[in-house]
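Quick notes on the structure that follows.
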Amino acid sequence: METNFFKRVAWVLLAGLLTLGVLVFGVLAYYGIPANAAGMAAKGVCSAAFVAGRPAQDLFAQDVLPANPILASIRIDAVDQSEHSVTASFLGLVSRRAVLVRDRGCVLDLPVDTTAQAYKPATNAAQPWPQGDATLPVADWGAGVDAQKLQHVVDAAFEGAGNPLAANARGLAVVHQGRLLVMREAPGFAPGTGLHGWSMTKTVTGMLTYKLSTEAGLPLDALVVDAFPAGREPDWVDAWRRDARKNIRVSDLLTMRDGLAMNEGYGPLDAVPQMLWGAPDIPAWAARHPAEAAPAARWNYLSASTNLLAGVARARFATDADYWAYPRKALFDPLGARSAVLETDSAGNWVGSSYLWASVGDWARLGQLMLQDGKWGNTEVLPAGWLKFASTPSMKQGEGQGYGAQSWLFGNPAAGRCRAYPGVPADTIAMGGHWGQMVAMVPSRNAVVVRLGWTFRRKQFDECQLLSEVLAALPH
């Protein structure tokens, strides 16, 4: 009798645990967490393997698993080298697949593309940067550069590389007077490996939009609802015409002043994961959010604003194939940025907020282009005036003074992130990205400083301190 009693208790407990498990999974599924987590893993591993050209075997452990405890429930079910695809699942119950697509990077939930070619890291070490990837010999740096101090700063920046609990730097470059003094990748990263810029992608989306403003007749002061040529207007525009969103301008999206009711957040229930891995059509997802403030009345940093901008840009092209090829044709190829890939969502929109991959040298090229106000040799890659436009504060008061057009104003005396750091000039402007990505441009010092990493613990890396220390080693 006693044995049967304990058996019944055990079965009751087991049934209770199973019921609880089903309920917990049901709640997670309601918020899209299993599908989003599987999507993050599949997308991240696919991009790192086939867009960046890294060996696939350790990518989940290095790039995905340390980001959040919930990702311990994810497994990589398949990495198909022939199809260039990765499949991941949440507890074996919810699966997502990402596939490499020509001109679009790795994309979730699409069929296999037999025309796509995986990237293989490569450098041209015979030619000096920017024509190739060779750094300037230390002997040619000049007396004004404190070579010993700069090398010490660079060495210190790579302490903890490969350790997800440390700063975990992956790449660094220093350009001065158009000359590449330093370029280094972390151990395990071949020269020329593409690195994920996260929100540094926003600045490049801003560059492309600015170029389209003259090249494809996209007025930056136009109302968003009027920015679509006939036949290229997405469904969400009609709803915008019927409420306060009709007053949002393209320039408001560029400067993060659209007034939409959203908050930037990166937890499982927050907007960014829901958008990046849960929304097949990201601009349409962003467009569903109502207005809660008048355009230009406030500044609010939103990845969704940049992705709406990418949707506006898409309408300027007669075909999607032209749109997907545009970043390479208009920007990357003129610079020789061979590794750069701007990825899209499932519906074909640039993920302009977050998904540009490029090597350390190519991120430095993009920074140097910005420093030179769009000129590359004798070629005007971007229309003149981009640097001034990007450097103009979004707002005259408040934290918006520290942000311009899809760019951070690190040195702004009122609200710049690095304003309190010694030696960071007021004109310092930067691309900045999640987990410690930075391309800082300092016109008054004729310098570009690039740092990429996978820094899960924010306090392990201070981009302003690194920038201050690098500039201290360069001549004034």
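Note that the structure is a prediction, hence the values are computed from the model and not measured.
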So [Y] and [X], do their side chains get closer than 4.5 Å, heavy atoms only?
| X | Y | answer |
| --- | --- | --- |
| Y326 | E215 | yes |
| P383 | K211 | yes |
| D258 | P295 | no |
| T201 | V351 | no |
| S407 | M441 | no |
| L260 | R245 | yes |
| L356 | F332 | yes |
| V224 | L308 | no |

Between [X] and [Y]: side-chain donor-acceptor atoms closer than 3.5 Å:
| X | Y | value |
| --- | --- | --- |
| D77 | T87 | no |
| S47 | Y355 | no |
| Q406 | T205 | no |
| S353 | N307 | yes |
| E264 | S303 | yes |

Next on the checklist: Under a 3.5 Å distance rule, please check whether D133 uses its side chain to pair with a backbone N or O of T123 as donor and acceptor.
Outcome noted: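 Between the backbone of T123 and the side chain of D133 there is no qualifying donor-acceptor contact (under 3.5 Å).
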If the threshold is 4.0 Å, N to carboxylate O, is there a salt bridge linking [X] and [Y]?
| X | Y | result |
| --- | --- | --- |
| R184 | D155 | yes |
| D373 | K375 | no |
| D80 | R97 | no |
| R417 | D462 | no |
| R365 | D362 | yes |
| K329 | D333 | no |
| R232 | D320 | yes |
| R54 | D63 | yes |

Item to check | W324 ring center near F317 ring center (under 6.0 Å) | outcome: no
Anything under 30° is parallel, anything over 60° is perpendicular, the rest tilted; go ahead and classify [X] against [Y].
| X | Y | answer |
| --- | --- | --- |
| W357 | H196 | parallel |
| W376 | W129 | perpendicular |
| W386 | F389 | tilted |

Item to check | Face-on cation placement of R96 at W277 ring, 6.0 Å and 45° thresholds | outcome: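 No, R96 does not sit over the ring of W277.
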